[in-house]
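Structure first, then comments.
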Amino acid sequence: MSSSKSLFIGGEWVAASDGGVREIHSPHDNALVATVSEATKEDSLRAIAAARASFDSGVFTSWPLLARCEFVEKIADLIDRDAEILAGLESGDTAKRMIEARYDMADIAATFRHFASLGKKLHDRTVDVGDPKITSKIVHEAVGVCALIGPWNYPLLQISWKVAPALVSGCSFIVKPSELTPSTAIHLMKLLAEAGLPAGVANLILGGGATAGAPLTEDPRVDLVSFTGGLVTGKRIMATAAQTVKKVALELGGKNPNIIFADADIDAAIDNAVTAAFLHSGQVCSAGTRLLVEESIHDRVVNEIVRRAGEIHLGGPRDEQAETGPLISEGHLKKIEEYMQNAIADGARLLVGGKRATRSDLKNGWYFEPTVLDGCTTKMSCVQDESFGPILTVETFSTKEEAVALGNDTIYGLSGAVWSRDEGKAQEVAAKLRHGTIWVNDYGPYRPQAEWGGFKASGVGRELGEHGLSEYLETKHIWTNNKPARSGWFLDRSESTDDGKGSTQ
Ligand code: TXE
């Protein structure tokens, strides 16, 4: 995908106002995969103006809710139709394996279908105010113009969690994917246009966060910012949005405890712990990066995880044997290397990995070996800070209470897991963990029908589920008096308005 006209503003494909472009290189071998427009601040402002004008014109909000839901179903069908193209584009930008990219596309179609079906159930509510002449109605309306800012790890999936509910609600929006992974968002805009979305409802801005993204969070014409990304950027966006009192929805990652008790199905727990930590090279907000293992089974569990980690086959999108791929960028790889140095300096014990991959066929890519660090404590930065890489830290506990305390000893609160054959104990621990999703005897699955999001510094609001639609809706109360009468609160001293019947009191 290469185009110097890859911004979508007001229904037109346009170049950046200064003609700027950005090259997208594969994280696997640094090969050029795309050249796309790099928006200026002026481009972002034009996209806001287009979204605002379309929203204020009512061109899309005037569609019946059912028609918008059917439109969203149509997008799901088009995603299914183009799944192979989309998976190829996603795999090109991220170097994730095609099999993973295909899973993502199936999840994206399911997300659109979920919100379409949820929208069909949306209804007004009547409130009984105890007075027969009053009709009191609660209605839902689109929140307005939304800035939808996405990350690079699941580029189209994360954007879809925002676009689908925005469409059902009738919002107009500006999508800004990560500057590292623009290709699938471009294709999504093509599908929206093909399906007949009115011009200006969906707009696409590509480019860096400070230049192209920040104006979307500053401008008073934007009503909501929905952001998925890192904590530092999330805090900045929340502070900026506060200046114009925008609504914000933030998904900011996690530091997720995976707790294994001695009475667990150890084989299943180990296998899932390996997947939880190293899937997509740990570039997953819900990655199980903190292993909390009961002391009595520490050696058995950790030795096996280390063996398995050392055998993981790294490789690019076309490597049939590859089990996971590279990190997204050289900058991210350098961050992981620094993170490792700090971990060792803090006293963590390196058991496997800990360095760039050395295989000659991977030398041009951003590959980091699956890594296990033992002897970790919550005082260490490697336990507190999100690495977003293939690094598993190991801590031990000896009581249920200690497991809970350790699992909650983090500023984050996105997800966690508990492994035990004792159902009562597992559910008690699940109830006490302050994280948005808890898996019991499992790790990682999610469904669009269930809410996703974090406690504490993992974010604000929820995506998916029912709540994921509410973020894009304003709630309005309409009170109708069917027999209007004077309020009679203040004494009426005007004789001229006196109808001769005296006071209403
Ligand atoms: O993300 P950023 P980065 C975490 C992970 C990673 C860290 C930093 O720990 O190492 O974040 O990653 C846009 N105004 N996650 O720097 O900066 C940016 O262009 C408006 C967790 O790549 O958060 C991109 O589109 N927008 C995570 C998006 O924000 C701005 C997924 C995310 O970029 C902006 C990814 C600004 N001022 C990383 N600055 C998760 N929660 O799943 C940047 N952006």
Side-chain angles (χ1 to χ4, degrees), residues 22 24 27 36 38-39 41 44 47-48 93-94 104 146-159 161-162 174-182 184-185 204-219 222 224-241 243 246 248-256 279-287 289 327-339 366 368 381-382 384-391 410-415 436-437 446 452-454 457-463:
R22 175 189 290 259
I24 307 300
V36 299
E38 175 81 359
K41 179 175 180 182
S44 294
I48 295 170
D93 285 0
T94 61
D104 292 352
C146 307
L148 311 178
I149 303 174
W152 41 258
N153 54 339
Y154 290 91
L156 191 59
L157 183 68
Q158 300 292 344
I159 289 291
W161 290 10
K162 306 175 192 306
I174 305 106
V175 170
K176 211 236 30 100
S178 167
E179 56 273 35
L180 303 175
T181 54
T184 44
L204 177 69
I205 283 295
L206 307 175
T211 316
L216 308 176
T217 68
E218 293 159 358
D219 198 288
V222 173
L224 165 84
V225 181
S226 178
F227 168 80
T228 303
L231 179 60
V232 174
T233 306
K235 284 183 185 174
R236 187 173 299 140
I237 285 178
M238 199 169 179
T240 306
Q243 302 310 307
K246 292 187 198 324
V248 288
L250 307 172
E251 207 273 65
L252 308 178
K255 198 67 200 172
N256 313 293
L279 175 79
H280 198 13
S281 285
Q283 301 171 112
V284 182
C285 52
S286 55
T289 49
L327 298 173
I328 190 70
S329 65
E330 185 176 17
H332 192 44
L333 176 72
K334 288 190 168 147
K335 203 182 109 183
I336 300 286
E337 286 176 327
E338 196 183 313
Y339 180 96
W366 317 125
F368 197 84
S381 57
C382 61
Q384 292 299 338
D385 299 340
E386 189 179 46
S387 74
F388 231 60
I391 300 177
T410 161
I411 59 164
Y412 290 104
L414 187 63
S415 65
T437 295
Y446 79 97
W452 180 263
S458 284
V460 175
R462 290 291 180 274
E463 296 196 286

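When a ligand or atom number is given, it counts from 1 through the structure's own listing order.
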| Check: E251 N/O within less than 3.5 Å of ligand 1 N/O | yes
| Strictly under 4.0 Å, does any heavy atom of H332 approach an atom of ligand 1? | yes
| What protein heavy atom sits nearest atom 30 (C) of ligand 1, and how far away is it? | G209 CA, 3.5 Å
| field | Nearest candidate to atom 32 (C) of ligand 1, where distance is taken over non-hydrogen atoms, out of F227, Y339, W152 | value | F227
| Contact (N/O only, under 3.5 Å) between G150 and ligand 1 | yes
| remark: To the nearest 0.5 Å, atom CD of Q283 lies from atom OH of Y154 at 9.0 Å
| said: List ligand 1 atoms under 4.0 Å from G253, heavy atoms only on the residue side. | reply: 41 (N)
| task | May I ask you to list the atoms of ligand 1 that are less than 4.0 angstrom from any heavy atom of G213? | result | 14 (N), 20 (C), 26 (N)
| message | So, applying side-chain contact (heavy atoms from CB on, under 4.5 Å) with T181, which one of L156, I328, I24, N153 is it? | response | I328
| task | For residues M238 and F227, determine if any side-chain heavy atom of one lies less than 4.5 Å from a side-chain heavy atom of the other. | result | no
| query | Who passes ring-ring contact (aromatic ring centres under 6.0 Å, His included) against F368, sequence neighbours left out? | reply | none
| Shortest heavy-atom approach to atom 40 (C) of ligand 1 - which of A210, S178, A147, C285 | C285
| For S387, what residues pass the side-chain contact (heavy atoms from CB on, under 4.5 Å) criterion, not counting sequence neighbours? | I336, Y339, I391
| field | Interatomic spacing from CG in L148 to CD1 in I159 - rounded to 0.5 Å | value | 6.5 Å
| query | Which value, rounded to the nearest 0.5 Å, describes the distance between D219 atom CG and K41 atom NZ? | reply | 8.5 Å
| field | Heavy-atom nearest option to atom 5 (C) of ligand 1, drawn from E218, K176, E386 | value | E386
| note | of all protein heavy atoms, closest to atom 19 (O) of ligand 1 is E179 OE1, 2.6 Å
| said: Counting only heavy atoms closer than 4.0 Å, does ligand 1 sit against the backbone of V232, its side chain, both, or neither? | reply: neither
| Between I149 and ligand 1, does any nitrogen or oxygen pair lie at a separation below 3.5 Å? | no
| Electrostatic pair K334-E330, nearest N-O below 4.0 angstrom | yes
| note | Residue, atom and distance of the protein heavy atom nearest atom 35 (C) of ligand 1 read P151 CB, 3.6 Å
| Looking only at protein heavy atoms, which one is nearest to atom 37 (N) of ligand 1, and how far off is it? | R236 CD, 3.9 Å
| Among the heavy atoms of P177, does any lie under 4.0 Å from an atom of ligand 1? | yes
| Does at least one non-hydrogen atom of Q283 fall below 4.0 angstrom from an atom of ligand 1? | no
| remark: re atom 21 (C) of ligand 1, the protein heavy-atom contact at minimum distance is G229 O, 3.4 Å
| request: Would you mind checking which non-hydrogen protein atom is closest to atom 7 (C) of ligand 1, with the distance to 0.1 Å? | output: K335 NZ, 3.8 Å
| query | Going by atom types alone, do K162 and S226 pair a side-chain donor with an acceptor below 3.5 Å? | reply | yes
| field | Proximity of Y154 to ligand 1 by residue part, where a heavy atom lies under 4.0 Å | value | neither
| Which ligand 1 atoms does L252 reach within 4.0 Å, using its non-hydrogen atoms? | 41 (N)
| said: Show the nearest heavy-atom pair for residues C285 and G253, with the distance to one decimal. | reply: CB-CA, 3.8 Å
| Taking side chain as C-beta onward, heavy atoms only, is I48 less than 4.5 Å from V222? | yes
| message | To the closest 0.5 Å, what do you measure between CG (L216) and CG (L224)? | response | 11.5 Å
| Heavy-atom distance under 4.5 Å between the side chains of W452 and T437, does that happen here? | yes
| note | In this structure, atom 17 (O) of ligand 1 is nearest to the protein heavy atom T233 OG1, 2.8 Å
| request: For atom 11 (O) of ligand 1, grab the closest protein heavy atom and report residue, atom and distance to one decimal in Å. | output: G230 CA, 2.9 Å
